Amino acid sequence: MNVKAALSPDDIARACAEAMWAEDDASKGLGMELVEIGPGFATLAMMVRPDMVNGQRIAHGGFIFTLADSAFAFACNSHNERVVAAQGQITFIKPGKLGDRLIAKAREITRVGRSGIYDVRVTVGEVVIAEFRGHSRVIPGKWLPAQDQ
């Protein structure tokens, strides 16, 4: 039996996310939750805790960026290639507040050769609070053993 044919792109994305999540102390430490994963997309959530608000008493932009960056990372690592960020840019639209559940939905825009572009929308409910664009770069290595692909 061809094991490679047995794993669908969704299966590969889930397995890569599980392998990556097991080692992602930063995302887990901030209380992030992996909500959804698939080939080229990921959704993560995070509650704004008291230690995440700044002197304006709103969510610190660095935490919003980190949530978006983590969603970006899971989306671009969903094809069983090791991928890192080459660049990331965020535009803050509205503030997040203490107690808000932030949702970051990442989606692949393009992936060619070793480069990719991903957009991440961060929302609270239906309200968009930030838009992030990340550029990715494939590095050597795979998430899954060769026999699992």
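As the structure is a prediction and not an experimental result, all values here were calculated from the model.
Of all non-hydrogen atoms in Ala68 and Ala104, the two that sit nearest each other are CA-CB, 4.3 Å. Minimum heavy-atom separation, Ile37 to Ala17: CG1-CB, 3.8 Å. Residues Cys76 and Val83 come closest through the heavy atom pair O-CG2, 3.2 Å. Across all their heavy atoms, Ser115 and Arg137 have their closest contact at OG-NH1, 3.0 Å. Taking all atoms of both residues into account, the shortest heavy-atom contact from Ala85 to Asp69 is CB-OD1, 4.4 Å. Listed here is the closest heavy atom pair of Ala106 and Ala71: CB-O, 3.4 Å.
Using a 4.5 Å heavy-atom threshold, the side chains of Met52 and His60 count as separate. You'll find the side chain of Lys105 stays beyond 4.5 Å of the side chain of Thr123, heavy atoms only. The side-chain heavy atoms of Ile109 and Arg133, taken from C-beta on, include a pair separated by under 4.5 Å. Looking only at side-chain heavy atoms (C-beta outward), Cys16 and Leu144 come within less than 4.5 Å of each other. With contacts defined as side-chain heavy-atom distances shorter than 4.5 Å, the pair Asp10/Pro39 qualifies. Between Phe63 and Val48 there is no side-chain heavy-atom pair separated by less than 4.5 Å.
Separating the CE atom in Met20 from the CH2 atom in Trp143 is a distance of 5.5 Å, to the nearest 0.5 Å. The line from CG of Leu67 to CD1 of Ile103 is 8.0 Å long, rounded to the nearest 0.5 Å. Atoms CD and CD1, from Glu81 and Ile139 in turn, are 10.5 Å apart once rounded to the nearest 0.5 Å. Distance check: Arg49 CZ to Leu30 CG gives 6.0 Å after rounding to the nearest 0.5 Å. Rounding to the nearest 0.5 Å gives a distance of 5.0 Å between CG of Leu44 and CG of Leu34. Note that CD1 of Ile64 is 6.5 Å distant from CD1 of Ile90, once rounded to the nearest 0.5 Å.
Within a 6.0 Å radius of CZ in Arg121, no more than 12 heavy atoms belonging to other residues, nucleotides or ligands are found. By the 6.0 Å contact criterion, CD on Gln56 is open, its count of non-hydrogen atoms from other residues, nucleotides or ligands being 12 or less.
Among residues two or more places apart in sequence or in another chain, the side chain to side chain donor-acceptor pair (under 3.5 Å) test is passed with Arg114 by none. Residues satisfying the side chain to side chain donor-acceptor pair (under 3.5 Å) criterion with Asp100, sequence neighbours excluded, are absent altogether. For Arg82, there are no side chain to side chain donor-acceptor pair (under 3.5 Å) partners at least two apart in sequence or on another chain. For the ring pair (Phe, Tyr, Trp, His ring centres under 6.0 Å) test, residues two or more places apart in sequence or in another chain that qualify with Phe65 are Phe132.
Ile129 is connected to Leu98 through a chain of hydrophobic side-chain contacts under 4.5 Å among Ile, Leu, Val, Met, Phe, Trp and Tyr, so both are in one cluster.
For residues 12-36, the pairs satisfying side-chain hydrogen bond (donor to acceptor under 3.5 Å, both in side chains) are Asp11-Arg14, Asp24-Ser27, Ser27-Ser70, Glu33-Arg101, with sequence neighbours left out. Counting only residues at least two apart or in different chains, ring pair (Phe, Tyr, Trp, His ring centres under 6.0 Å) contacts with residues 91-131 comprise Phe72-Tyr118.
Partner of Glu131 under the side-chain contact (heavy atoms from CB on, under 4.5 Å) criterion, out of Ile93, Val120, Val122: Ile93 alone.
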Stepwise side chain to side chain contact (heavy atoms under 4.5 Å, CB included) test for Thr66 and Met32: CA-CA 10 Å; Thr66 302; Met32 291 182 199; 3.8 Å; yes
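Under a 3.5 Å cut-off, the side chain of Asp119 and the backbone N or O of Arg107 do not form any donor-acceptor pair.
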